[in-house]
Amino acid sequence: MAQEFYIYNTLTRQKEKFRALNPPHVGLYVCGPTVYGEAHLGHARPAVTFDLLYRYLKHLGYKVRYVRNITDVGHLENDADDGEDKIAKKAKVEKLEPMEIVEYYTRSYHHTVDRMNVLRPNIEPRATGHIIEQQQLAKKILEKGYAYEKNGNIYFDVERYNKEHNYGKLSGRNIEELKANTRNLEGQEEKKNPFDFALWKKATPKHIMRWPSDWGEGFPGWHIECSAMSTKYLGEKFDIHGGGMDLLFPHHECEIAQSTAANGKESVKYWMHNNMITIQGQKMGKSLDNFITLNEFFSGKHKLLEKPFTPMTIRFFILQAHYRSPLDFSNEALQAAEKGMEKLFKAEETLETLKSSNKSNIDAGDLEQKFYEAINDDLNTPVLFSHIFDMVRIINSIKDEKTKATNEDIKKLKGLYKTFVHDILGIEKEEKTKEESRLTEELIELLLNLRLEAKKRKDFETADKIRNALTKKGIVVKDTKDGFEWEIKK
RNA sequence: GGUCGCGUGGCCGAGGGGCUUAGGCACCGGUCUGCAAAACCGGUUACGGCGGUUCGAAUCCGCCCGCGACCUCCA
């Protein structure tokens with residue numbers, strides 16, 4: 001791998017040079033959604049961020065096994081005994097089987113992120129499909145003495161674990177602090193410490209999602225699914241684990257504890273966390289009830305939205321910020337992203353029409369180097385975009401014959417577009433339905449040809465009439481020396 | 001309250017001791033054009049406040065103010 005790729009490791013709190021454990025193979029695990037509702041803008045961020053990582057690792061020549069789970073059990077409303085499972089709760093509300101809920105929202109999630117050109121992971125395991133693995137893991141932890149059973153519940157013994165290992169190393173917490181700060185919820189008296197977490201929970205009679213186990217009927221805790229499934233598909237030690245920053249504690253901290261307790265060693269080499277998307281400075285999320293679903297963005301049907309935004313605009317918007325920075329939603333910011341993206345696409349079309357010359361005063365190799373420097377620096381997409389827009393300016397300047405480029409240069413620029421804009425960033429132009437656009441195209445050309453004739457006989461009144469009418473419909477006309485260009489603007 | 005982080009121009013958003021006019025959007029001027037649009041060129045508005053370190057700080061340190069995340073489900 002010729003490129004030196006640096007990524008920020010949350011565990012060490014610094015950028016580290018990426019070195020695969022078993023090159024050319026790379027194991028990547030990312031926490032996926034809990035499928036009990038429509039995906040919202042917040043869900044798009046890890047999906048897009050780790051899609052970028054996946055794409056770039058593949059570009060570098062790694063054979064990546066990308067695992068992203070679907071949480072369909074064990075994620076409770078809260079940690080108390082009567083804490084309801086999110087899926088089961090929704091099922092009750094909708095009067096459906098839990099698995100109907102899971103199926104419905106899994107499909108919906110797929111459809112939505114597909115539209116943002118997010119590649120599917122290689123394996124997308126479900127928690128309910130790995131109950132046995134989770135039980136086995138819990139058993140192993142129990143046998144090693146890092147967990148205890150109480151009335152059919154298995155709890156992880158954080159204090160015991162912390163004697164030999166460091167609980168809190170990822171999130172920067174320490175156990176004393178936790179003792180002082182962890183709330184005592186009702187119905188948790190059987191835990192040794194309030195910060196102990198459940199590996200397995202006994203099902204109350206009302207609880208519908210339940211499986212038999214050595215400890216009676218119950219269901220797995222939330223944190224154990226990721227440990228069980230990552231181990232199953234990526235081994236006891238794998239390269240990268242990703243997810244949202246909000247999962248850092250307790251979820252990822254608990255994962256580390258579980259794996260370390262079971263295997264005696266840490267499972268993950270690099271931990272990567274994306275920041276949150278905010279709305280008016282506040283985290284967008286279910287609990288705050290300030291979220292906008294992705295489908296609402298696509299349709300524009302939400303009171304906070306001034307207009308619809310395409311899936312690709314959302315992707316572009318997310319990538320224009322660095323993944324570790326918070327990103328604030330606003331109509332204005334989204335519109336700016338949309339405009340910028342259009343400019344990017346237009347330049348690519350222009351690229352196809354450029355005339356080469358035998359001289360050159362551009363340095364495509366330098367551009368390429370800058371592109372790599374940006375992406376290699378912990379996926380610095382904002383800087384990458386700034387260089388890409390340098391390329392856009394060069395392309396337009398060649399078109400205006402203010403800059404010269406050889407045939408080879410132009411080829412190189414096309415290659416950069418393909419590699420960086422399409423393959424790595426995953427930005428693709430959205431196509432209208434073919435027939436629709438063909439007919440529209442023909443009609444517009446027809447009108448514009450009439451206008452051209454009018455212009456030729458100096459009938460500017462008619463010419464302007466046609467152009468104004470088209471402009472009103474959102475079709476922008478651009479006159480050229482002896483013809484016209486046009487495009488549809490929203 | 002504890003832990004961590006942030007505060008950059010009209011908006012979004014990089015950078016992170018001297019030199020980046022970062023970039024995008026918006027606005028203004030110029031070139032081009034019957035007019036316009038696009039494009040190109042140029043321009044405007046910055047580093048929360050107060051101190052300190054330094055030859056030099058938006059960048060390091062301290063304090064203050066404001067904001068956020070996590071500590072309880074959340075991507």
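Throughout, a chain's letter reflects where its sequence line sits, starting with A, and its residues are numbered from 1. Below, each value reflects all heavy atoms present in this structure, side chains not excepted, and no hydrogens, waters or symmetry copies.
Residue A:Q282 has its side chain nearest to B:rA69 when only B:rC12, B:rA75, B:rA69 are considered. Distances were taken from every side-chain heavy atom of A:D246 (C-beta onward) to each of B:rA14, B:rC11, B:rC70; the shortest belongs to B:rC70. Comparing B:rA22, B:rC12, B:rC70 against the side chain of A:P382 picks out B:rA22 as the nearest. With B:rG24, B:rA14, B:rA75 as the choices, the nucleotide that has an atom nearest any side-chain atom of A:H322 turns out to be B:rA14. When each of B:rG24, B:rC40, B:rC12 is scored by its nearest atom to the side-chain atoms of A:D400, the top-ranked nucleotide is B:rC40. Side chain of A:E332, nearest nucleotide from B:rC11, B:rG23, B:rC25: B:rC11. Of the candidates B:rA75, B:rG34, B:rC40, B:rG34 carries the atom nearest the A:K455 side chain, counting heavy atoms from C-beta on. For A:S386, counting side-chain heavy atoms from C-beta on, the closest listed nucleotide (B:rG23, B:rG2, B:rA37) is B:rG23. The side chain of A:V383 lies closest to B:rA14, out of B:rA75, B:rC40, B:rA14. Out of B:rG24, B:rA75, B:rA26, the shortest distance to the side chain of A:K339 is found at B:rA26.
If you take CG of A:N331 and C1' of B:rC11, they are 12 Å apart, rounded to a whole angstrom. Taking atom CG of A:D328 as the reference point, atom P of B:rA69 lies 11 Å away to the nearest angstrom. To the nearest angstrom, C1' of B:rA37 lies 12 Å from CG of A:D464. The CD-P distance, from A:E401 to B:rC32, rounds to 16 Å in whole Å. Rounded to whole angstrom, the span from the CE atom of A:M341 across to the P atom of B:rC12 amounts to 20 Å. Atom pair A:K86:NZ and B:rA75:C1' shows a separation of 11 Å (rounding to whole Å applied). A straight line from CG of A:N174 to P of B:rC70 spans 20 Å, rounded to a whole angstrom. The CG atom of A:L248 sits 15 Å away from the C1' atom of B:rG68 (whole-angstrom rounding).
Nucleic acid contact class of A:K478 (heavy atoms, under 4.0 Å, all strands): base. A:S325 comes within 4.0 angstrom of sugar-phosphate atoms only, judged by non-hydrogen atoms across all strands, and of no base. Backbone-only contact: A:L327 has heavy atoms under 4.0 Å from sugar-phosphate atoms and none from a base. Counting any heavy atom pair closer than 4.0 Å across all strands shown, A:L247 reaches sugar-phosphate atoms only and no base atom. Nucleic acid contact class of A:M284 (heavy atoms, under 4.0 Å, all strands): base. No engagement by A:R457 is indicated, since no non-hydrogen atom pair under 4.0 Å with the nucleic acid exists. Looking at heavy-atom distances under 4.0 Å, A:G172 makes contact with sugar-phosphate atoms alone, never a base. As judged by a 4.0 angstrom heavy-atom cut-off over every strand, A:H40 is placed among the base-contacting residues. Heavy atoms of A:M245 sit nowhere under 4.0 angstrom from any nucleic acid atom.
For A:D479 against B:rC35, a side-chain N or O and a base N or O form a donor-acceptor pair under 3.5 Å. In this model, no side-chain donor or acceptor of A:N380 finds a partner on the base of B:rG13 within 3.5 Å. For A:R467 against B:rA37, a side-chain-to-base donor-acceptor contact under 3.5 Å is absent.
Looking at which nucleotide of RNA chain B each of A:K343 and A:S397 is closest to, the 5′-most match is held by A:K343. Mapping A:R451 and A:W222 onto RNA chain B via the closest heavy atom, the residue that lands nearer the 5' end is A:R451.
Just one of A:F297, A:F309, A:F317, A:F291 meets the ring-ring contact (aromatic ring centres under 6.0 Å, His included) condition when paired with A:F329; it is A:F297. Just one of A:I314, A:L334, A:I279 meets the side chain to side chain contact (heavy atoms under 4.5 Å, CB included) condition when paired with A:L41; it is A:I314. Only one option out of A:D378, A:N376, A:D377 pairs with A:N380 in a side chain to side chain contact (heavy atoms under 4.5 Å, CB included); it is A:D377.
A salt bridge is absent between A:D459 and A:K465; no separation between the charged side-chain nitrogens and carboxylate oxygens falls under 4.0 Å.
For the C1' atom pair drawn from B:rG1 and B:rG16, the interatomic distance equals 32 Å after rounding to whole Å. Spacing of C1' atoms, B:rA57 relative to B:rG52, comes out at 11 Å, to the nearest Å. Rounded to whole Å, the C1' atom of B:rU20 lies 7 Å from the corresponding atom of B:rG15. Comparing the C1' positions of B:rC65 and B:rC11 gives an interatomic distance of 24 Å, to the nearest angstrom. Atom name C1', nucleotides B:rU33 and B:rA38: the rounded distance is 11 Å, in whole Å. Rounded to whole Å, the separation between the C1' atoms of B:rU54 and B:rG17 comes to 9 Å. For the P atoms, the distance from B:rA37 to B:rU31 is 14 Å, rounded to whole Å. Separating the C1' atom of B:rC6 from that of B:rG49 is a span of 16 Å, rounded to the nearest Å.
By the stacking rule of 5.5 Å between ring centres and under 30° between planes, A:F460 stacks on the base of B:rG34.
A cation-pi arrangement is present between A:R173 and A:F249 under the rule of less than 6.0 angstrom and at most 45 degrees off the ring axis.
Here the closest heavy-atom approach between residue A:M312 and residue A:E428 is recorded as CG-O, 3.2 Å. Nearest approach of A:A44 to A:I318, heavy atoms of both residues: CB-CD1, 3.6 Å.
Side chain of A:K15 to main chain of A:Y6: no donor-acceptor pair is present (N/O by atom type, distance under 3.5 Å, no hydrogens or angles). With A:N9 contributing its side chain and A:Q14 its backbone, the two residues share no donor-acceptor pair below 3.5 Å.
Using a 4.5 Å heavy-atom threshold, the side chains of A:V73 and A:I87 count as separate. When side chains are defined from C-beta on, A:I256 does not count as touching A:V268, because their heavy atoms never get closer than 4.5 Å.
In this model, the phosphate group of B:rU31 is not approached by any side-chain N or O of A:K402 to a distance below 4.0 Å at OP1 or OP2. A:N274 has no side-chain polar atom (N or O) that falls below the 4.0 Å cut-off from OP1 or OP2 of B:rA75.
Taking a pair as Watson-Crick or G-U with both hydrogen-bonding distances under 3.5 Å, the stems of three or more pairs touching RNA chain B are B:1-7 with B:65-71, B:10-12 with B:23-25, B:27-31 with B:39-43, B:48-52 with B:60-64.
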